[in-house]
Amino acid sequence: MSLWDHHLILLPILLPMVMASAMLLFDERRRRLKSVISLTAMAAILLVALALLHESMTGAVDGGDTARVYRLGDWSAPFGIVLVADRLSAMMVALTSVLGAGVLAFALARWDRAGPRFHALFLFLIMGVNGAFLTGDLFNLFVFFEIMLAASYGLALHGSGEARIRAGLTYIAINLTASLLFLIGVSLLYGVTGTLNMAEFALKVRTIAPDDRGLLHVGAAILGTAFLIKCAAWPLGFWLAPTYTAASAPSAAAFAILSKVGVYVVLRLSLLAFGDGAGASAHFGQPWLLVAGLATLAFGTLGLIASRDLSRAGAYAVMVSSGTILAVAGVGDKAVLGGALFYLIGSTLACGAMFLLAEVLQRGVDSGGQRERAVFDDEYRDPFDDDERNEPGLVIPAAVAALGGAFLICTLMIAGLPPLSGFIGKLAMLDGLARSVSPASIAVIVGLSLSSLGGLIGLTRLGVGALWARDDDAPELVVGAAELAGMGGLLAACVLLAIFGGAGLGFAEHTAEWLGRPDAYIRAVLGTTP
Amino acid sequence: MSVADLPAWACVVVGLLALAGAALSFLGAVGLCSFKTFYERVHAPTLGATLGMALIVAASILFFTLIEGRFMPRELLIGVFLTVTTPVTLILLGRAALFRDRTEFARDEAADEPEPSTPSLP
Amino acid sequence: MSSNLLLLVILAAPFLGAAVAAGLPRHARTAAAILSWLVSLVSLVSLAALWPRFADGEVLRLAIPWLPSLGVSLILRLDGLSWIFAALILGIGALVVLYARYYMSPKDPVPRFFSFLLAFMGAMQGVVLSGNLIQLAVFWELTSLFSFLLIGYWHQNASAREGARMALTVTALGGLCLLVGMILIGGIAGSYDLDDVLAAKSVILADPRSVVALALVLMGALTKSAQFPFHFWLPRAMAAPTPVSAYLHSATMVKAGIFLLLRMWPIFGQTELWYFVVAGAGVATLLIGAWCAIFQHDLKGLLAYSTISHLGLIVLLLGLGSPLGAIAAIFHTVNHATFKASLFMAAGIIDHEAGTRDMRKLSGLYKFMPITGTLAIVAAAAMAGVPLLNGFLSKEMFLAEVVAGSDGHALNAALPVLATLASAFGVLYSLRFILATFFGPPPTALDRVPHEPPAWMRRPVEILVALCLLVGVLPAITVGPFLRSAAVAVLGFDDLPYYSLALWHGFNMPLLLSVLALGGGVLAYAIFGQKLNTNPRGGPWGLKRLNGGYLFEKAMTGIVKGARWVESRLGTERMQPQLRLVVLAALAAGAAAAFAGGVAIRPSWSSPGASEFIFAALWLTGGGCAVAAAWQAKYHRLAAVVLMGAAGLVSCITFVWMSAPDLALTQLLVEVVTTVLLLLGLRWLPKRREDIQASRAELVRSRRRRRVDLVIAAVVGLALAFVSYAVMTRPMVEGISRFFVERAYSEGGGRNVVNVILVDFRAFDTFGEITVLGIVGLTVLALLRRFRPASDSLPAPNQKQARERAGPVAEGRKAGDALRDTMLIPRVVMRWMFPFVIVLAVHLFLRGHDLPGGGFAAGVALSIAVLLQYMANGARWVEERLLLRPILWIGWGLTIAAGCGLVAIGFNRPFLTSAFQYVNLPLLGQVPLASAVVFDLGVVLLVVGATVLMLVALAHQSLRRARDDAEAEQAEGGA
Amino acid sequence: MTEFVLAAAIGVLSAAGTWLLLRPRTFQVIKGLSLLSYAVNLFIFSMGRLRSGMPPITAKGAERPELYADPTPQALVLTAIVISFALTALFLVVLLASRGATGSDHVDGREPAE
Amino acid sequence: MIRALLPHPLLALGLFVTSLLMSGSVGPPSIALAAVLALATPQVMRALDAQTIPIRSPGAIVALAGCVVIDVLRSNWAVAAIILGRRRHERQSGFIHVPLDLKDRYALAVLAVILTATPGTLWVEYDSATGRLLLHVLDLVEEDEWIHLIKDRYERRLMEIFE
Amino acid sequence: MSQAILFWGLTIAQALLVAAMALAAWRAVRGPRAQDRVLGLDTFYLNGMLLLLVFGIRTGGSIYFYAALIIGMLGFAATVALAKFLMRGEVIE
Ligand code: NA
Ligand code: NA
């Protein structure tokens, strides 16, 4: 194993962090340099994620699935912190970098100038998200959650303005409370199991004294509540819509991955520690996931229908996506889970694109920044003050057609209609659900179908309004090349996912199957046979 | 040397010094509560901050010097810094109180009830 | 050419053409038309070329794998039924393209139109060529989608937007039902492959789920084919350009539903549900459509309702479940496509040339456009079922089938009557179409003189009308083989019944009914014609209330309103309820788990010593302070800050008491900084007074709210206390800590285990934690740069203003003297404390690895040193003297920490691997050198940077305000 | 009894914090979060069980690891303290910005409409 | 040279001792560290443009210190007595003005620290223009006596040391 | 006996200091004016620090020292800020 190959898993976390730190060392006004650095970082992470993905699928001795483990500080698990890249985490990192690259490209049109230090905050966000996906340690997960959230607070407020601040206040208050719950949960789990390592925790769940199991469950339940808040599960996710709606487009688009971090952790921990082999704790909390997922799905769909503008619809689409996956996780059927994972990829990209699109279509409503003094003299001035141009750089012709096409793809993806990848994911879930008839699966089938219809109704209403029925005094639709590249990249990924749907779905199903075998993960991390 | 091996005189001295210091400081706190006006109350804690503190610091230095078997005067640092910094606080507080009493802006950010018996102010 | 390639061409050519057309420039009308025409021809020729390749009953298949794990592949499957539908789609498509070239205005972006049209054509091909249930549903939804785009082509018109949305919503709803139905069928049959499914008929019918599946599939078919009660979208879709109507509503879109029914007919055609739903919907649609058509004034409206009626007829035929009915249905599908397409095109020509489609304005057009008029008359006659035309033949078969099946159900018995009635209506509206438009006095309400259209615009109509005649006269030769092949595909060889495609079957019941209908229709026109033509309302008599479109709009508005209502009821954007929910959810989750799992407490209450009592007294005080802080936080913020400080100190003492000196140090330092931060912020908060009286109702409400919150808070407290007590009284579990304690010195090089954990064992946590601090610093800066204080907190604080005025005033004092005197003494002390605090920080930093302290504590201590200078001397003074570059420090701090971790990689060890060594230095002796110290140095730098940044950015707000005020004053003075 | 006292302390701190967290004024909320983080810090700390006078500062090479107070929760608390400090500062600035932008210190940025 | 290296010798000494005390040991590493800190840290005082403290009479310092210690002890006793409730009725607290001749701010600072650290007296306000000090006294028996005490016992010695 | 004197001396000293803290807290709660509260906090800190010193003697360890030193050196920063806020309405000018 070559030098870099060994440390590959570190890069998705370290690279954005180092780049962001380096950006703090030079002048804020060197935009081009920053743009190049951030885009390069995203591209590099994508390559690394693909390499990790490849490794996770073929790295085992028998050429099969494995989890690559990186021991930070050279301390072995469960004592030190380990990073673990398996199919799921590598997939999530790859997804993050694709989304991140698209969003970043879009932001280069003008949004990265709407406030100071956008690139640094953005890279820190990526660092936090990737860390949350890769870490194999519960408390380190908390730390990465905080990195991600801290950056998200900055990005949510990026560009300032009353609406953002108002929504941001609630967002921060709720997430701070959730973080406290996270701490309570993790420490309680430590208190009864004596470990922070996820793999060892999974082992301890199996063998814990019956007397302690109640406390263990209390800890898991509180932790679960914290994660459900991040997933924006009903009734804990009302913060999502106002925050994402108010946030600047690139921030909101990047946030499409944040709720997925919550979803990821729920999947990871429930399948690792509370899977079939967990004895008396097997399938702990699963019914609640089902209920919360369905409620979220329903509420998100209604919210989508009720939305008055596209970015809000995008926010509810994020909720629908979370609800879908949670509900499916609540059914607890591995065959269905594969579809859900595939759906997760597509819906995340589509929700991200939706926010970007909403910004372009609703441009002119948002009134840039306010003239204010810099706090420090070395801090650059607000560029929106310098030039009143509000244009997104190079403007491309046929904007309406391009945006119409983009909107169409977004709608199809979010509503899960044929023929794009949103549909394939839904189809796979429905297909799996239809095979085993149970009240739960019927409820989820109905929920998925109705949410598709609701998504279609809501989005066509808004899209017709935004694209076809524009007021005469509404500004002409223009889209910058960078914006289109960002948006188009995300949507192209959705289309590619549909074309290579067979391979993608196969991957997702294998991943679900891998998640159903936690012993392999545990063995890779702890080096012992459970 | 462990605590059990401490000579009897040292035990007694350390114990009494600490007790006296604490008692003085406690007395200061009592004064803080029992005096009628702020300008009187502000004098009370100085008991603990000066002699009370000094006694306890002395107890500590003596104790650790004996325990460690070498001169351990590091608590002096605490004494010195406390002596230097406590007046700063008190001066500022007294100044603030005087100013607040002088001006009519009795109700402000740190809203509170007016002093029952404000003495004649200079 | 191989049949596989040809199959692929049939499907792919339209989509490719669509992509190319989309890329054509806006004005390339002719190019786009030629392209589209060529594309349809290529596909049509390919289709024709395949005709000889499947002899009776043979099926051509081409499978392209797509989603193997779901058993969903792209299967192109060509049988007789597909062929006839595909031919219809491509043939009429080619004619519509030709027609559209002349119909569309050069002002419109015509290439886009052709692009959509070709894409739609491809989607239809996909439906009819599907050899896989899921694939069928996919293309089905695509047809809905492209029809949406086509109907909404003139989206500047509100009616086009509404029509498009309605069509999409209804048909996509059906499509989703279809999808779920197909998934169910596939699940029952064990495969989505159409051939497998058709072969699994008995399995499917035996499964109870099949009823649900059938209902869902029918939902798809009926919505698509505009069957009652989903028929309303079709008339609204007439807002589309006429070529679209001619295409979608004669031969393609609406026929997809028919195609689906035909596909499912072999499986479900004989079931009860099928009969009641399909036949019931068919007969209702037949009658309602015909009845409504009678009253239309808009030519396209009339044709739209006529289409609905004819689709009802076909659906009714399929619903009857008899093989002959199915054959008749296919036959009528073909016939209807030809005459209806030509009629739509004719209506379009009239619209194009006369400028209106309103029959009340049109009159006597025959004189102006005799050829078009003749063509329209022939086509309308076919629609009315006049002999010698194709419409007559299939209607005869229809009537025959209705009569033949008129025993059994009451519905069956009534069918002949209803069918005749509907046919009479058909005659009536066909007559109206012709007579009101082409005959009578010359038109007066037109704003131009109508004339014949360009010849090539008429050509498609001529071809279609010729087909009507040809089929009408020579059915067996023209359409016989294709019909037979399609019938075989549906019914199979063995079950193919005898039928005759002849013009004359002798005098029989169907003929009688036909004659009755013709006569009745003419008679009705004679009586009611005038009244109908002038009917002011335009709506059908008796069915005004049953306006599906209106109800649909109502329903959609209702859904949106309902969703908003639910959103506001089941959701909230207010912070308090959300936080309450979060707290309650956590409580509920924890409680549920505790009750389910059981949490036992094993108290260990040994007799408490004096020390325990002191500890208890300490917390009695601390707890009291916390409660008092909570109590005071609303009206006495400063008091709350003070009391919180006290509670915090008690926590710190607890940490010392319970062997956690590092925690005590850190919390103490953080406490100081937090207090100052809060005080810096307090200045910008509004004054809050107890004496402001709220309304009585509000008081009651808030009291209730407080009571509830008090209960919640108490429960939270109890719960957390209970859990922590339960854990604390349990024996320690053997965990990872033992390892840390054992190895801290030997492998981490430090005696302070906590610090070794922080900078070595779990340095990655610290690495993340400092990143958080850095990020927050950046965010704070960003926020404060745009900070705008509320207007009432703009002026300098009262104290400060008064201070400048009042005080022991002596002559010759300047502004600021008072402050300088006040701060004289504190300033001296605070300034000289600076180096001492630095020494403290250095010690905290250096000893951290062995004793309480560490990078974070050192960093905060340094920040406090800077802070003291700020408080003593003011921001301006400090910044003139000290070089503060907090952002740079943050950057360097992070870089150093990361770089220190990266050094290990150079030695091929994992990130953050630390090394330590005892070095023997001259004079100093053995000195420990750990690489973790460098890491900790990064921590210090970052902490100082971030903390100073936060403090200073906040402090600068007052300065900035003063500066702005001064500038504003200056500006005013200058003006 | 020490355990009981500390548990009670955690209970009181968290109850007071929760009560403040649910109040309508931003300043109350930030104070609530601070009190809650005190409570949570003590809670985390208590997960390592209590031990007086045995800080995890070893001699050169620890002979009896079980004698020392559990260092892990202490390390966790330290991280938690730092993070909660940072986020308190952030929340403070946001609440100030909210007050500045909306003119109100209500958590919803507007006085409740009655 | 020496001045550049040691701008504030007294401060350096203080820092040296402080560092040693903080180390809690007098081994070579501690001394080295203390020396480095004592030499390096005072450099920041340059940035804060602190003037060097001119110390004239070391003897006076000792005298003053002794004086202060005695006064602190005495007033501790006095205030404790007051708190314990003796002379509750006749006792009167109040402000007095003390005209100061002292101008040096370090001297003033030391005086402020002494007065405030002594229980029973509180430095409240000083007006640099008039040199007038406002003092709060817990047990105000005789105003002139207090003024005399301050000027005689402290101010004179401080002037000896600083001016 | 001498050990007992030491033990009880220290115990009572601790008790007295905690009592002093309680009194200071009472002053901080009671007010009546803001300066009283700040003075209460200052006294609270002072007695807390002394408590740590006595605790150090009782346990014979030295871990209390830095905590006490920090209170002694830096604790006043918080009180200064409070006092300055009272006086000026702004902590940093
Ligand atoms: Na937005
Ligand atoms: Na005094």
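So that the names make sense, note that chain A is the first sequence line, chain B the second, and so on, each numbered from 1. All values reported here derive from a predicted model rather than from experimental measurement.
In this structure, OH on D:Y38 lies 7.0 Å from SG on C:C652, to the nearest 0.5 angstrom. Taking OG1 of D:T79 as the reference point, atom CG of C:L758 lies at 5.5 Å (rounded to 0.5 Å). To the nearest 0.5 angstrom, D:R23 atom CZ is 11.0 Å from C:L579 atom CG. Considering CH2 of D:W19 and CH2 of C:W631, their distance stands at 5.5 Å, rounded to 0.5 Å. Separation of atoms CZ (D:R49) and CE (C:M658) is listed at 14.5 Å; rounding is to 0.5 Å. Rounded to the nearest 0.5 angstrom, D:L6 CG and C:W657 CH2 are separated by 12.5 Å.
For the set D:V94, D:T26, D:I81, the entry with the most heavy-atom pairs within less than 4.5 Å of chain C is D:I81. Ranked by heavy-atom pairs under 4.5 Å with chain C, the list D:A101, D:S34, D:P24 is led by D:P24. The candidate with the highest count of non-hydrogen atom pairs below 4.5 Å against chain D, out of C:F740, C:F761, C:F655, C:F739, is C:F655. Most heavy-atom pairs under 4.5 Å with chain C: of the set D:R51, D:Q74, D:M47, this distinction falls to D:Q74. The most heavy-atom pairs under 4.5 Å with chain D, out of C:L851, C:V860, C:V780, C:V650, come from C:V780. By number of non-hydrogen pairs under 4.5 angstrom with chain C, the leading residue of D:P71, D:G103, D:A16, D:G53 is D:P71. Chain D forms the most heavy-atom pairs under 4.5 Å with one residue out of C:R751, C:R580, C:R762, and that residue is C:R751. Ranked by heavy-atom pairs shorter than 4.5 Å toward chain C, the options D:L20, D:L96, D:V40, D:I10 are led by D:L96. Interface check for chain D: of the options C:R743, C:K634, C:M644, C:E573, the most heavy-atom pairs under 4.5 Å are formed by C:M644. Annotation: maximal heavy-atom pairing with chain C below 4.5 Å, among D:L50, D:N41, D:L78, occurs at D:L78. Of the listed residues (C:G768, C:P731, C:G622), the greatest number of heavy-atom pairs within a distance under 4.5 Å of chain D belongs to C:P731. Interface check for chain D: of the options C:G648, C:A726, C:C625, C:A629, the most heavy-atom pairs under 4.5 Å are formed by C:G648.
Under the 3.5 Å distance criterion, the side-chain polar atoms of D:R99 are matched with a main-chain donor or acceptor of C:W684. With hydrogens and angles disregarded, no donor-acceptor distance shorter than 3.5 Å links the side chain of C:D765 to the backbone of D:L76. Judged purely by atom type and a 3.5 angstrom limit, C:S659 uses its side chain to pair as donor or acceptor with the backbone of D:M54.
Within the 4.5 Å cutoff, the side chain of D:V5 has no heavy atoms near those of the C:E612 side chain. Within the 4.5 Å cutoff, side-chain heavy atoms of D:L95 are placed close to those of C:L685. Put simply, the side chain of D:F85 does not reach to within 4.5 Å of the side chain of C:E671, judged on heavy atoms. For the pair D:H106 and C:Q576, the minimum side-chain heavy-atom distance is below 4.5 Å. In this structure, D:V12 and C:W619 have side chains that are not in contact, with every pair of non-hydrogen atoms separated by 4.5 Å or more. Contact annotation: the side chain of C:S724 never approaches that of D:E3 to less than 4.5 Å [non-hydrogen atoms, C-beta and beyond]. Looking at D:F4 and C:M728, their side chains never come closer than 4.5 Å, going by heavy atoms from C-beta outward. Looking only at side-chain heavy atoms (C-beta outward), C:I736 and D:T72 come within less than 4.5 Å of each other.
C:S737 and D:D70 are linked by a side-chain donor-acceptor pair at a separation below 3.5 angstrom, with hydrogens and angles left out of the test.
With a 4.5 Å cut-off on non-hydrogen atoms, C:D850 touches chain D through its backbone but not through its side chain. Neither the backbone nor the side chain of C:F722 has a heavy atom closer than 4.5 Å to any heavy atom of chain D. When heavy atoms are compared at a cutoff of 4.5 Å, C:F615 approaches chain D by way of both its backbone and its side chain. With a 4.5 angstrom heavy-atom cutoff, C:E734 does not touch chain D via any of its atoms. If you measure heavy-atom distances from C:A616 to chain D, the contacts under 4.5 Å come from both the backbone and the side chain. Contacts of C:R730 with chain D are made by both backbone and side-chain atoms, with heavy-atom separations under 4.5 Å. Interface remark: C:P577 contributes no atoms to any contact with chain D (heavy atom separation under 4.5 Å). Neither the backbone nor the side chain of C:V715 comes within contact range of chain D, judged by heavy atoms closer than 4.5 Å. Contacts between C:M950 and chain D at a heavy-atom distance below 4.5 Å involve the side chain alone, from C-beta outward. In this structure, the portions of C:L677 lying under 4.5 Å from any heavy atom of chain D include both its backbone and its side chain. Contacts of C:L678 with chain D are made by both backbone and side-chain atoms, with heavy-atom separations under 4.5 Å.
Here the rule is side chain to side chain contact (heavy atoms under 4.5 Å, CB included) with D:L22, and of C:D709, C:V708, C:L710, C:V716 only C:D709 fits it.
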- Task: Evaluate side chain to side chain contact (heavy atoms under 4.5 Å, CB included) for C:E742 paired with D:T58, printing each intermediate quantity in order.
- Result: CA-CA 9 Å; C:E742 279 170 351; D:T58 62; over 6 Å; no
- Item | Chi angles and distances behind the side chain to side chain contact (heavy atoms under 4.5 Å, CB included) call for D:Y68, C:V753 | CA-CA 10 Å; D:Y68 295 94; C:V753 185; over 6 Å; no
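Nearest heavy atoms, D:A86 versus C:V776: O-CG1, 3.2 Å. Scanning all heavy atoms of the two residues, the minimum distance from D:P65 to C:R738 falls at CB-CG, 4.0 Å.
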